[in-house]
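Only this structure's heavy atoms are used, side chains among them; waters, hydrogens and symmetry mates stay out. Quick note: residue numbers are just sequence positions, from 1.
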Amino acid sequence: MESFSLILAIVVITALAFDFTNGFHDTANAMATTISTGALKPKVAVAMSAALNLVGAFLSVEVANTISKGLVDETGIRPEVIFAALTGAILWNLLTWLVGLPSSSSHALMGGLVGATVASAGFGAVHGDVLVTKVLLPAVAAPIVAGLATMVATRLSYGIGRDGDTPVTRKGYRAGQIASAGLVSLAHGTNDAQKTMGIITLALIAGGALSPGSNPPTWVILSAGLAIALGTYIGGWRIIRTMGKGLTDLEPRQGFAAQTSAATAILASSHLGFSLSTTHVVSGSVMGAGLGRKGGVVRWSTATRMFIAWALTLPAAALVGAGAEAVTGLGDWGTGLVALFLIGSSFAIWKISRREVIDHTHVTAEEYTEPPGVVTTAMAMVTPPPVGVVADDLTATIPAAGAESAPAPATTAPSARV
């Protein structure tokens with residue numbers, strides 16, 4: 001019994017560690033566009049997001065119940081299986097954070113759980129209908145729906161306010177963006193914090209501490225909310241930089257449209273119990289906002305890497321979870337070996353990240369060094385610039401038809417362009 005209690009405690013601590021990585025991994029979902037448009041200072045933004053994530057954790061338990069009661073057969077799961085699942089999810093979160101890719105923490109968790117469960121009890125222990133309807137289908141539909149909705153909203157915003165681009169309207173959009181960012185943070189708490197609640201509840205049921213079908217206890221809700229809030233406050237600056245500057249360049253009205261559409265989709269999915277990826281929703285919204293503005297483009301080189309990470313998340317986490325479960329099945333020493341592997345790998349990833357430190361000072365830079373890629377370059381060449389914008393680089397090098405190149409005027413002032 002003592003050994004069992006120890007493994008159950010290890011599972012709970014590991015689940016909260018995953019929740020912490022989920023927080024700093026997904027901070028960009030709520031605050032990247034708000035930071036990139038200058039609506040909020042970086043540290044103020046993450047503090048606000050952390051507080052609202054904590055509040056959101058108490059608003060619903062529908063997603064937690066999907067995980068603890070619906071995805072796998074809770075009566076045939078051992079605590080070691082959940083520990084193995086969390087190992088796969090944490091390592092995937094850390095790897096994608098290291099390279100600055102906004103992949104799905106939710107799908108990492110789902111993949112790890114499915115892989116470990118299959119390795120332990122076979123495919124029959126996974127409820128395939130729940131996996132398809134509440135995980136896989138939303139994964140495909142959510143970014144498309146959110147992206148289209150944001151693109152339409154952005155076009156309407158620019159069409160209606162064509163002559164209203166004044167300091168007053170820009171200030172209004174920034175205020176609206178702050179409000180919508182807060183709503184996204186609240187929605188993130190109602191969805192992502194619950195996934196850890198569901199995992200801990202599943203572990204407690206597997207360990208006999210709760211009866212099957214139980215809802216998450218209050219202490220589970222509180223601890224999961226605090227863990228994700230702390231991770232959010234730490235700030236995943238690498239992913240914030242990618243989401244805010246790497247996908248597209250946003251103006252305040254685009255950021256407002258993106259965040260409002262994302263919050264609506266996430267809150268609706270939480271109400272229905274869908275284990276939705278907030279990363280997929282927000283990324284789709286950001287790309288929709290970029291395509292919705294005339295002359296705006298998406299950096300498809302970054303987007304392509306992100307799509308690849310999305311496709312790999314479930315199977316990669318599942319493979320690691322299955323491998324970890326195979327080792328834990330060897331006994332207590334196997335579980336200890338997996339724990340040492342998780343700690344050592346996490347420390348190694350952190351040490352590698354120190355070679356290039358990214359913090360809050362790197363997410364508000366005016367330029368982004370990511371090359372635009374072939375698709376973006378081609379789109380920019382055939383897309384006319386917005387009204388009132390002079391393409392000085394082109395006019396400086398390409399004379400008008402029939403005109404001769406005029407010599408540059410003499411000047412003693414140094415060039416302003418370097």
Side-chain angles (χ1 to χ4, degrees), residues 1-22 25 67-68 71-98 103 105-127 131 195-210 212 220 223-224 227 312-352:
M1 185 67 181
E2 291 180 0
S3 175
F4 176 77
S5 298
L6 177 61
I7 186 59
L8 189 57
I10 291 173
V11 170
V12 172
I13 293 171
T14 307
L16 294 177
F18 165 78
D19 207 23
F20 176 79
T21 67
N22 190 348
H25 198 280
I67 295 173
S68 65
L71 186 60
V72 298
D73 184 3
E74 59 188 9
T75 59
I77 298 298
R78 299 175 296 113
E80 290 86 351
V81 174
I82 301 172
F83 176 62
L86 290 166
T87 299
I90 290 173
L91 290 179
W92 184 257
N93 269 0
L94 292 177
L95 283 172
T96 50
W97 163 77
L98 178 65
S103 70
S105 298
S106 306
H107 289 175
L109 181 60
M110 299 300 100
L113 182 59
V114 169
T117 300
V118 169
S120 174
F123 286 96
V126 178
H127 299 157
L131 178 64
K195 291 156 190 169
T196 300
M197 297 178 206
I199 283 291
I200 295 176
T201 303
L202 184 60
L204 294 174
I205 292 172
L210 287 178
V220 171
S223 59
L312 292 176
T313 296
L314 272 167
L319 286 174
V320 176
E325 164 55 22
V327 177
T328 60
L330 299 176
D332 291 345
W333 70 270
T335 302
L337 191 62
V338 172
L340 289 175
F341 173 73
L342 175 60
I343 294 171
S345 300
S346 300
F347 179 75
I349 293 171
W350 178 80
K351 286 292 289 184
I352 294 172

- Under 3.5 Å, is there a donor-acceptor pair between the W97 and T21 side chains?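 No.
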
Heavy atoms only: give me the nearest [X]-[Y] pair and the separation to one decimal.
{"X": "T117", "Y": "A125", "result": "CG2-CB, 3.6 Å"}
{"X": "L8", "Y": "A209", "result": "CD2-CB, 4.4 Å"}
{"X": "G115", "Y": "A322", "result": "O-CB, 3.5 Å"}
{"X": "A324", "Y": "V338", "result": "O-CG2, 3.7 Å"}
{"X": "E325", "Y": "A116", "result": "CG-O, 3.5 Å"}

- Query: With respect to T196, which candidate in T201, D19, N22 satisfies the side chain to side chain donor-acceptor pair (under 3.5 Å) definition?
  - Reply: D19

- Query: With F83, which of V12, I13, V11 fulfils side chain to side chain contact (heavy atoms under 4.5 Å, CB included)?
  - Reply: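 Looking at V12, I13, V11, the match for F83 under the side chain to side chain contact (heavy atoms under 4.5 Å, CB included) is V11.
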
- Message: Strictly distance-based, threshold 3.5 Å: is any side-chain N or O of S223 a donor or acceptor partner for the main-chain N or O of V220?
- Response: yes

- Task: For the pair S345 (side chain) and L342 (backbone), establish whether a donor and an acceptor sit closer than 3.5 Å, ignoring hydrogens and angles.
- Result: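 No, the answer is negative, given that no donor and acceptor are paired below the 3.5 Å cut-off.
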
Spacing of [X] atom [atom1] and [Y] atom [atom2] [to the nearest 0.5 Å]:
{"X": "H107", "Y": "T313", "atom1": "NE2", "atom2": "OG1", "answer": "8.0 Å"}
{"X": "L6", "Y": "T335", "atom1": "CG", "atom2": "OG1", "answer": "9.5 Å"}
{"X": "I199", "Y": "T14", "atom1": "CD1", "atom2": "OG1", "answer": "11.5 Å"}
{"X": "L319", "Y": "L314", "atom1": "CG", "atom2": "CG", "answer": "11.0 Å"}
{"X": "I349", "Y": "L94", "atom1": "CD1", "atom2": "CG", "answer": "5.0 Å"}
{"X": "S105", "Y": "M110", "atom1": "OG", "atom2": "CE", "answer": "10.5 Å"}

Could you check whether any side-chain heavy atom of [X] comes within less than 4.5 Å of a side-chain heavy atom of [Y], counting everything from C-beta outward?
{"X": "L86", "Y": "L109", "answer": "yes"}
{"X": "H25", "Y": "S103", "answer": "yes"}
{"X": "L91", "Y": "F341", "answer": "yes"}
{"X": "I200", "Y": "L16", "answer": "yes"}
{"X": "W92", "Y": "V320", "answer": "no"}

- Task: Run the numbers on I7 and D332 for side-chain contact (heavy atoms from CB on, under 4.5 Å), then give the verdict.
- Result: CA-CA 9 Å; I7 186 59; D332 291 345; over 6 Å; no

